[in-house]
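Working notes for the structure below.
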Amino acid sequence: MVEGRLERARSFGSWLHGVGPVVGLALLCVAGTLLNSDFASLDNAMNVLTRTAFIGIIAVGMCFVIISGGIDLSVGSMAALIAGLVILLMNTMAGWMDQPILVVAIGMAFSVVLGAAFGLAHGLLITRGRIEPFIVTLGTLGIFRAYLTYFSNGGAITLDDSLSDVYSPVYYTSLAGVPIPVWVFLLVAIAGGVILNRTAFGRYVQAIGSNEQVARYAAVDVDKIKVLTYALLGACVGIATLLYVPRLGSSSPTTGLLWELEAIAAVIVGGTALKGGAGSIAGTVVGAILLSVISNILNLTSIISVYLNAAVQGFVIITVAFLQRRK
Amino acid sequence: MVEGRLERARSFGSWLHGVGPVVGLALLCVAGTLLNSDFASLDNAMNVLTRTAFIGIIAVGMCFVIISGGIDLSVGSMAALIAGLVILLMNTMAGWMDQPILVVAIGMAFSVVLGAAFGLAHGLLITRGRIEPFIVTLGTLGIFRAYLTYFSNGGAITLDDSLSDVYSPVYYTSLAGVPIPVWVFLLVAIAGGVILNRTAFGRYVQAIGSNEQVARYAAVDVDKIKVLTYALLGACVGIATLLYVPRLGSSSPTTGLLWELEAIAAVIVGGTALKGGAGSIAGTVVGAILLSVISNILNLTSIISVYLNAAVQGFVIITVAFLQRRK
Amino acid sequence: QNKVNLGVAIPAATHSFTAGIVWWANAAKAELEKEHKDLKVTIKTAANAGEQANQLQDLVTANKINSLVIFPFESAALTKPVAQVKNKGVYVTVVDRGLTDPSAQDAYISGDNTAFGKVPAEYIAKALNGKGNIVAMRGIATTLDNERMDAFNSVMKDYPDIKLLDAKYANWNRDDAFKVMQDYLTRFKQIDAVWAADDDMAVGVLKAIEQAKRDDIKIVFGGAGSKGMIKTLIDGKDSRIQANVSYSPKFIYEAIKLTAEARLKGEALPATTIVPSVLITKDNAKDFYFPDSPF
Amino acid sequence: MSIAVRFENIVKEFGTVRVLHGVSFELPRGGVYGLLGENGAGKSTLMKILSGYEQPTEGAVFVDGEARVFNNSRAAEAAGIVLIHQEFNLAEDLTIAQNIFLGHEKKRGWWLDDAAMRTETARVLAQVGLDKNPDMPVRHLIVAEKQLVEIAKALARNARLLIMDEPTASLTPGETEALFRLMGRLHEAGVTIVYISHKLDEVERTTNEVIVMRDGRFVTRRPTAELTRREMANLMVGRELSDLYPPKDPSPAPSSAGAMPRLKVVGMTVPGWAQDVGFEVMPGEILGFAGLVGAGRTELFEGLLGLRPHSVERIELDGHEIRIRNPREAVAQGLTYLSEDRKGKGLHVGFGLRENLTLMALEHYAKPWLRPGDEMRALQTAVKDFGIRTGSLDIRASSLSGGNQQKLALAKVLHPKPKVIVLDEPTRGVDVGAKRDIYFLIQRLAREGHGVIVVSSELMELVGLCHRVAVMRAGRLEAMVDAQHLTEEELISHATGTKN
Ligand SMILES: Nc1ncnc2c1ncn2[C@@H]1O[C@H](COP(=O)(O)OP(=O)(O)OP(=O)(O)O)[C@@H](O)[C@H]1O
Ligand SMILES: Nc1ncnc2c1ncn2[C@@H]1O[C@H](COP(=O)(O)OP(=O)(O)OP(=O)(O)O)[C@@H](O)[C@H]1O
Ligand SMILES: [Mg+2]
Ligand SMILES: [Mg+2]
């Protein structure tokens, strides 16, 4: 009896807690609709979701890394470098062969493989090299962007027009009224949720973040799992990039700037603790959407000085976090 | 016998560990001298130390926050906003009264007080509001910079010439051959070291970072100590700012960009773990100097493409961290 | 002939325009050092004002320069550091962003930020016959961006029937411009022209318009004359790209060349040289097309 | 000097769960009181209330006749009430001296007086018999040493009422003796002592009076002299307990008689901890490991699992040579290890019970997706099999009482169905009833043909349970005592090296 009540109280508490970002998002949506009726249009919703897709997909991968007790500051640079390399590869291949579709397909595969490889390198430096993830990825943050700048001479690397025509539907087409990036985002999020909550790997990730020592004693291959989380994040960055390239068909040293902060913020706003141990993919998705809705609303209205946009974002983030603060 | 050896081996390990950044710095200095003989000149050394002073002073404060298990992403924006507000205040006061020295003195005091106040606000939001430090300071990162942009109308806030003449000696004068900012840096570092290792406050900061629950059980006023660490960091930002203003005499929305990353990197490169619990001010100072020596060497040589500067920095940071990796 | 040790301090290649600056500076170095044995050029790129100030110190202390060409990261912030360099007897040429205290420089070579805002305003106003809705993009909050925006607004004051619907920051970044434009399109049902204020941002703007399949926008006016946009203009590939305004990073090349050659001869430069920003249309576009530059 | 305490109708609720239902009793000044009760009876909770770590939901604590409210431990300590925690409360990054004085730093003016704190620390460490440099970080201490630091911490507080919550759970006889001598001195000096332990022989030896709690209620109090251990046990569990140890099965045939050992280890060296140790355990055999604190037993087995750098000549499992580089390979081959450090190495205290239970055997539940339903059923079975007492199955492991956490940890390492199990201090902090359950469980495992290795500092337990006992001293295998010679005296003499 008593316990039943307790359980209910507790699960209500944790429900409220989990539901914090959702409440925040709902309030924002109401505010958005009041400020500009176009906010609630389907087109706008699709725009917002589509542009959330990149950060959202990266945030899903980041969620694993953060739950396992790690961090990755390099994702923005990594995305930019992958985009640049993929474009260079596709442009080169287009000179050799005459099947743009094949070229694009190879480019897309390359994007994911490259991302996973970069993630793997991070993982190995962190586990074998025994270096703090913060340092490793701060280092590669600089390295990736520097190489992109080097390859592009500081300018933009641009996809050939012929390829661009073949590739751009990947970003601009809709299936059943929903743009492809949103579908991919959805699939990645579902896959992430399933992996985190329904596989041994996901359980191990949580166990490592909660207490690495205990996990090691419990026969968890801590190093392997950590390497895998970084590789998984890398693959997510690769997927985000393969959706990003057809959008503007170019990569430049400004591509992906501060994505790391956005992705980490999405995860944390979504209710995952920075120290790891536990977290939720659903929360992360909501967090990512919430962040892009804020700037969408700011773009749709002009009630506040443009100078203060960042301030509004700051206030909203803090407020949402306050709504879901832990007891 | 066995124990003696073991003891020795262990303390040698921790000595090596602590000495890692120093070794890294020494190697860098050798490399610098080989690449450009002027590197080893006194002038150059003073230049490097002077410019390290800002980040170094902030890093000393950041070291406390990180040891206590927190983080502050807002320091760069905070410095920029403080600089802007201090300049506005001084310009306004210069209109009222005719004693530029007094005006500058008031401005300097205001700088430190404002920093401490911002830090206090962070601390209260984190402890009373029970919000993750990452979120709170990510929020204020945006808020501070937005307000600076607002006050400057997107441009720069510039110190009046009359004041500038009075103020600039604070940055440009030397005492006993050592520029004032270096003296201040030294004092702040020594004070930081003493506070961390010789006061109850410092002890509590380490205890909280190591195990908050244990600290709470030991009747340590965890919330108060946390608030104080943020206020201390804020005051350090204020001090750094009061040295920064006479240097460039202006503040704009690009002032202090990414300082947070540099300050955190200095702390971590200096051997403090991001999860807190233990760390050293000396290491932090060495870390900060190391980071500016890297870019100094890059400035003094032109062997590598300018595009790759960031890559070199990344490699060096990772290498130094590797040298002092924990077993 | 004098020996000239010339330092060049410019912003790092963080977006296309500054990449052009870096490229042209390197081109000048390669060309001039080959031509003159007595000339040494050292180029430093900085990611922020503080770093640039550091580099000035290093150029003087360690590289021992006697002439400096600087593209200040920020006018106000670099005034004092540049003055210090000049006090050490270095000849200083300032490019593009003028210092707040002109006595800190020997010569000033500048692009024309006023024209950068004025030219598009005039072009758009005329093309719309003084009537219509426009939206604008702004870069990163800086003095320079303010100058351009103010110039644009001052022209538009004379056209009361042209409505500037909104002007938001898109950080001289393609992605941000894409997002801002998407939201403009959601918000405003009738837009006649877009002042994208930079060719990078224009790329994002065009993609957003394409995606929304909107045909009300007749003009997208970028700025600075990147090779991609100039090519589009020459080829007439996009009816919305009708004109551009020159603000070529090539002026860093001119500045280095003029300074180096004058110093080699021991001469001084005129106190101020303005490289005019002019309207680029299909007719004169070829003169502004540099396919090898990254910009 | 000493103080008296009275509890009046103390009620404590966590959320809506009531764990203390109005406890009232008195502790007159100067006595040594044994506080007995099953796991989860509420002993630790009541003592935390007394010492300011928790606040009662209802009721009051009277100290020397005066109602007092202690808002934190510092307030209680100011009144002379000091608690030695059951679970360690040490900041791993700080040194021994820093931990001992945490929250009570000695100062000279503004500055910490480290020299004085170091001297004082050396003094209290000497009292508890721990020979360590006060400047050593606590991270480098082994479990028993941490326990001694906890005790030393309390001594440095000048207690007038000292509460010891299972202080000997991780101590071996030597340290325990030293502790008892210390208690004797404190008692003479007039300190009131509350002693909580599941080791009834210790309670019998050290206390004047026992107080029994059950299910959050006061049950009874009796002068210790009037009670036998069995009576104490019966009072605790509220029913008649039969023999603590199961009847011993005959020793299985040794390998010299041609049988195949389950596990055979030859020439195992863990540098700095254990040298050239070899042993074997037969199917159905319970092999004990005895030794003083610091004898290297824990490290030997951590080395065997690949958790420490080590070298080994040969490991055989059922006659096949195997290699073990990490715990995962060990589990895969059929060897699991229960750590003595429950909080630091044994359980994810922030996880639910289900996640803890199945962590080592997740592949059984991942086909390829995990099935929480199956896991839940496994938990229900385990709760029944191991007698884990908990109101709900849906709580975090940290909300279990200490003994119940131990049972959960045991269930966890048995979950992958190993062939050989190494149990390091399996009954630490477990009440007699539960201990008995665990002993019978160990016997059942042996009967099923498992090889069972029990590392324990409780000699009685080894004598009562094991077929053979290996005794380690200073990193070497000193002796292998077989069933005929198995007595506490024999084990102690080998462990201390006084056997000639
Ligand atoms: N923080 C908490 N939240 C919820 N329940 C708790 C908490 N702490 C203790 N309990 C519950 O209170 C009851 C009493 O626990 P307590 O630790 O006092 O038992 P104990 O008598 O010390 O047992 P043991 O002999 O195992 O140490 C247990 O059922 C336990 O699960
Ligand atoms: N912190 C230490 N520094 C140096 N030597 C140590 C330290 N701790 C233990 N030793 C030594 O290491 C060896 C093994 O000690 P350990 O306590 O791990 O053995 P154990 O038998 O597992 O003890 P326990 O009974 O606590 O399980 C001993 O020789 C001991 O003196
Ligand atoms: Mg207890
Ligand atoms: Mg042991």
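Below, all heavy atoms of this structure are taken into account, side chains as well, without hydrogens, waters or symmetry copies. Numbers restart at 1 for each chain; the letters A, B, ... are given by sequence-line order, proteins then strands.
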Discussion item. Pairing donors with acceptors under 3.5 angstrom, does anything connect the side chains of Thr61(C) and Asp43(B)?
Written reply: no
Fill in: Heavy-atom contact with chain B under 4.5 Å, split by part of Asn54(C)
both
Fill in: Pick from Asn47(B), Thr158(B), Val48(B), Asn36(B) with the largest number of heavy-atom pairs that fall under 4.5 Å of chain C
Asn47(B)
Worksheet item: Should the heavy atoms of other residues, nucleotides or ligands under 6.0 Å from CG of Leu175(B) be counted, would the total exceed 12?
Response: yes
Discussion item. A quick test of your reading: do over 12 heavy atoms of other residues, nucleotides or ligands sit less than 6.0 Å from CZ of Phe290(C)?
Written reply: yes
Worksheet item: Can you say whether Ser168(B) sits under 4.5 Å from chain C via the side chain, the backbone, both, or neither, judging by heavy atoms?
Response: side chain
Worksheet item: Side chain, backbone, both or neither: which part of Thr79(C) has a heavy atom under 4.5 Å from chain B?
Response: neither
Discussion item. For the residue pair Ser295(B) / Glu51(C), report whether a side-chain donor-acceptor contact shorter than 3.5 Å exists.
Written reply: no
Discussion item. Please determine whether the number of non-hydrogen atoms from other residues, nucleotides or ligands lying under 6.0 Å from atom NZ of Lys118(C) exceeds 12.
Written reply: no
Fill in: Engaged part of Glu74(C) at the chain B interface, taking heavy atoms whose separation is under 4.5 Å
side chain
Discussion item. Between Ala156(B), Ser252(B), Gly249(B), Ser37(B), who has the most heavy-atom pairs with chain C when the cutoff is under 4.5 Å?
Written reply: Ser252(B)
Worksheet item: Listed by residue number, which members of residues 240-248 of chain B have a heavy atom under 4.5 Å from any heavy atom of chain C?
Response: Pro246(B), Arg247(B), Leu248(B)
Discussion item. Other residues, nucleotides and ligands only: do more than 12 of their heavy atoms fall within 6.0 Å of NZ on Lys88(C)?
Written reply: no
Practice prompt. Check whether any side-chain heavy atom of Asn296(B) lies under 4.5 Å from a side-chain heavy atom of Asp58(C), and answer yes or no.
Written response: yes
Discussion item. Quick check: do Lys80(C) and Leu159(B) have side-chain heavy atoms less than 4.5 Å from each other?
Written reply: no
Fill in: Gap separating the OG1 atom of Thr254(B) from the CD1 atom of Ile140(C), nearest 0.5 angstrom
8.0 Å
Worksheet, complete the sentence: So, the part of Phe39(B) with a heavy atom under 4.5 Å from chain C: the answer is neither
Practice prompt. Select one option (side chain, backbone, both, neither) describing which atoms of Glu147(C) are under 4.5 Å from chain B's heavy atoms.
Written response: neither
